[in-house]
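One structure is given below, encoded as structure tokens.
Every chain is numbered from 1 and lettered A, B, ... according to where its sequence line falls, protein lines coming before strand lines.
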Amino acid sequence: MMTDQQSSPVSAPADSAAARQRFDDFGLAPEILRALRDQGYEYPTPIQAQAIPVVLQGRDVMGAAQTGTGKTAGFSLPIIQRLMAHANNSASPARHPVRALILTPTRELADQVAENVKAYSRHTGLRATVVFGGVDIAPQVTALRSGVEIVIATPGRLLDHVAQKSINLSQTQILVMDEADRMLDMGFLPDLQRIINLLPRQRQNLMFSATFSPEIKKLAASFLSNPQTIEVARSNATSDNVTQILYEVKEDEKRDAIAFILRERGLKQVIVFTNTKIGASRLSVHLVKQGVKAAAIHGDKSQSERMTALEDFKRGAVEVLVATDVAARGLDISEMPCVINYDLPFNAEDYVHRIGRTGRAGAKGDAISLCGAQDDKALADIEKLTGRKIVRLQLAGFVPTSAPAFREREHRSEYRGDQRSENRHEQRGEGRSRGGYGAAREKVDPWFLRPYTPNTAPASARNEKSAAANNTAAPKPQKRAALLGGLRKTSVTG
DNA sequence: AAAAAAC
């Protein structure tokens with residue numbers, strides 16, 4: 001099933017209607033166009049409009065594109081076309097040699113790309129299968145032996161299949177390296193080298209990367225031949241559709257702050273990223289205890305647990321997916337209005353990838369991050385990479401502030417007229433009106449978006465003790481507990 | 001510092 005937004009919907013904006021290209025204009029086979037119609041896709045996204053003709057020509061491509069731009073269809077549609085055009089070459093010894101290989105860094109991404117490729121090729125007779133670790137290898141061997149033209153794989157399990165001779169890559173004409181920057185980060189370079197050595201010299205190479213580091217350029221220089229560069233958004237830039245919000249919250253209050261934000265904003269589809277696997281599990285447990293439909297996904301979970309969590313999240317049974325960076329890249333989940341960073345990531349590039357999970361395909365999104373006083377360097381790195389200044393804000397009741405809790409409630413009651421908050425208010429059976437964040441988005445609550453002024457002590461003196469000493473102005477614990485308690489009560493009834 | 005990926 002398609003859950004992504006790989007292509008523009010039919011109701012695309014009308015601004016460029018006169019010159020707007022349609023999928024019909026690329027000379028794609030009727031079988032492919034039919035599959036696109038099945039999905040309701042008519043207009044290509046910018047990266048598809050650029051990539052499809054170039055890939056059809058057989059050229060190598062270096063694509064700088066974030067996920068959600070329609071990258072997967074951008075390469076898979078022309079690949080399918082090319083495989084159809086040169087179908088069943090009689091010179092091939094194997095009846096169904098693997099003719100296109102798509103490599104991804106994570107298992108979930110491989111699975112998702114495979115779903116897309118299968119959907120696009122369903123009327124063509126071409127067959128695709130996915131292979132990745134953590135699951136029984138036998139069904140994969142059976143699928144490969146039955147003959148498939150397109151294989152989507154993570155590198156380790158693919159080499160496993162090579163070792164046990166369940167796959168033959170000697171006829172593979174097209175190689176795609178998706179999320180190439182991630183694969184480098186994860187140390188896949190030796191595996192990539194090994195895999196590439198198994199492929200014919202003469203082949204088409206497509207490399208996609210969300211960021212464009214010197215290492216990526218080096219990889220492109222060594223693996224690609226005379227590539228056409230395709231760049232959609234400025235690389236390393238964050239989407240204009242994403243509003244970035246940063247709250248200063250003490251480490252031991254972050255769990256409550258997350259619960260508070262989830263409830264206050266009425267969030268239903270949100271990923272919360274943590275820096276550690278244990279952190280993801282703990283936060284998930286904490287949220288479940290508070291009545292939040294949460295589940296954790298990280299590399300220490302079994303593959304079946306990972307798949308279940310992701311499926312439950314996609315169908316809405318899980319509303320809050322607490323994830324490590326296993327979910328930071330590539331995952332395309334529709335209608336994600338918000339992404340939350342429990343911690344700022346160690347690596348600034350990971351920040352770009354994490355918040356890229358929202359604001360997809362033209363939709364608006366919020367990226368909310370929690371940070372501590374010690375995150376100055378991480379924040380500076382992020383601002384440098386994204387080229388944007390992110391203001392530290394205070395989260396009502398959670399940061400050193402002179403604001404009494406009652407003032408905060410007064411301010412929120414200004415949004416009494418908001419229909420959505422009225423509805424929520426009724427559902428909660430709550431006595432006092434509480435501002436919703438949805439429709440009143442433009443009139444932002446001043447206590448939620450008030451710039452936080454960190455203490456002015458020199459950074460060297462700002463160790464944990466001095467930070468704690470500066471927190472004397474924080475609201476009394478009882479007051480905050482009352483505030484949270486009120487919210488908790490409402491969630492039980494609601 | 002962490003995470004991811006083959007067994």
Rounded to the nearest Å, what distance is computed from the [atom1] atom of residue [X] to the [atom2] atom of nucleotide [N]?
X: A:Leu109; N: B:dA5; atom1: CG; atom2: P; result: 11 Å
X: A:Phe346; N: B:dA3; atom1: CZ; atom2: P; result: 8 Å
X: A:Asn341; N: B:dA2; atom1: CG; atom2: C1'; result: 14 Å
X: A:Arg194; N: B:dA6; atom1: CZ; atom2: P; result: 13 Å
X: A:Phe132; N: B:dA6; atom1: CZ; atom2: C1'; result: 13 Å
X: A:His353; N: B:dA4; atom1: NE2; atom2: C1'; result: 13 Å
X: A:Asp181; N: B:dA4; atom1: CG; atom2: P; result: 17 Å
X: A:Asp350; N: B:dA3; atom1: CG; atom2: C1'; result: 8 Å

Candidates B:dA2, B:dA4, B:dA6 - which lies nearest the side chain of A:Asp160: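 Given the options B:dA2, B:dA4, B:dA6, the side chain of A:Asp160 is closest to B:dA6.
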With [X], which residues qualify under side chain to side chain contact (heavy atoms under 4.5 Å, CB included), at least two apart?
X: A:Val285; result: A:Lys289
X: A:Glu251; result: A:Lys254, A:Tyr342, A:Asp343, A:Gln374
X: A:Arg315; result: A:Asp312, A:Ala317
X: A:Arg282; result: A:Ile278

DNA chain B contacts made by residues 186-193 of chain A, counting heavy atoms under 4.0 Å: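 Result for residues 186-193 of chain A: A:Met186, A:Phe188, sorted by number.
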Contact residues, residues 294-303 of chain A to DNA chain B [heavy atom, < 4.0 Å]: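 Result for residues 294-303 of chain A: A:His298, A:Gly299, sorted by number.
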Nearest-0.5 Å distance that lies between atom CZ in A:Phe75 and atom CD in A:Gln204: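 Separation between the atoms: 12.0 Å.
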Pairwise distance CG(A:Asn205) to CD1(A:Ile196) - rounded to 0.5 angstrom: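 The CD1 atom of A:Ile196 is 6.5 Å from CG of A:Asn205, to the nearest 0.5 Å.
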Residues in side chain to side chain donor-acceptor pair (under 3.5 Å) contact with A:Gln193, at least two apart in sequence or another chain: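 Scan of A:Gln193 (side chain to side chain donor-acceptor pair (under 3.5 Å), adjacent residues dropped) gives none.
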All side chain to side chain donor-acceptor pair (under 3.5 Å) counterparts of A:Ser166, not counting sequence neighbours: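 Result, side chain to side chain donor-acceptor pair (under 3.5 Å) vs A:Ser166: A:His161.
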Would you tell me if any nitrogen or oxygen in the side chain of [X] comes within less than 4.0 Å of OP1 or OP2 on [N]?
X: A:Thr324; N: B:dA4; value: yes
X: A:Arg306; N: B:dA5; value: yes
X: A:Thr154; N: B:dA6; value: yes
X: A:Arg107; N: B:dA6; value: yes

Qualifying salt bridge (charged side-chain N to carboxylate O under 4.0 Å, His left out) pairs with a residue from residues 192-202 of chain A, counting only residues at least two apart or across chains: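 Only A:Asp191-A:Arg194 qualify under salt bridge (charged side-chain N to carboxylate O under 4.0 Å, His left out).
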Sugar-phosphate, base or nothing in reach of A:Asp325, heavy atoms under 4.0 Å: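 Result for A:Asp325 = nothing.
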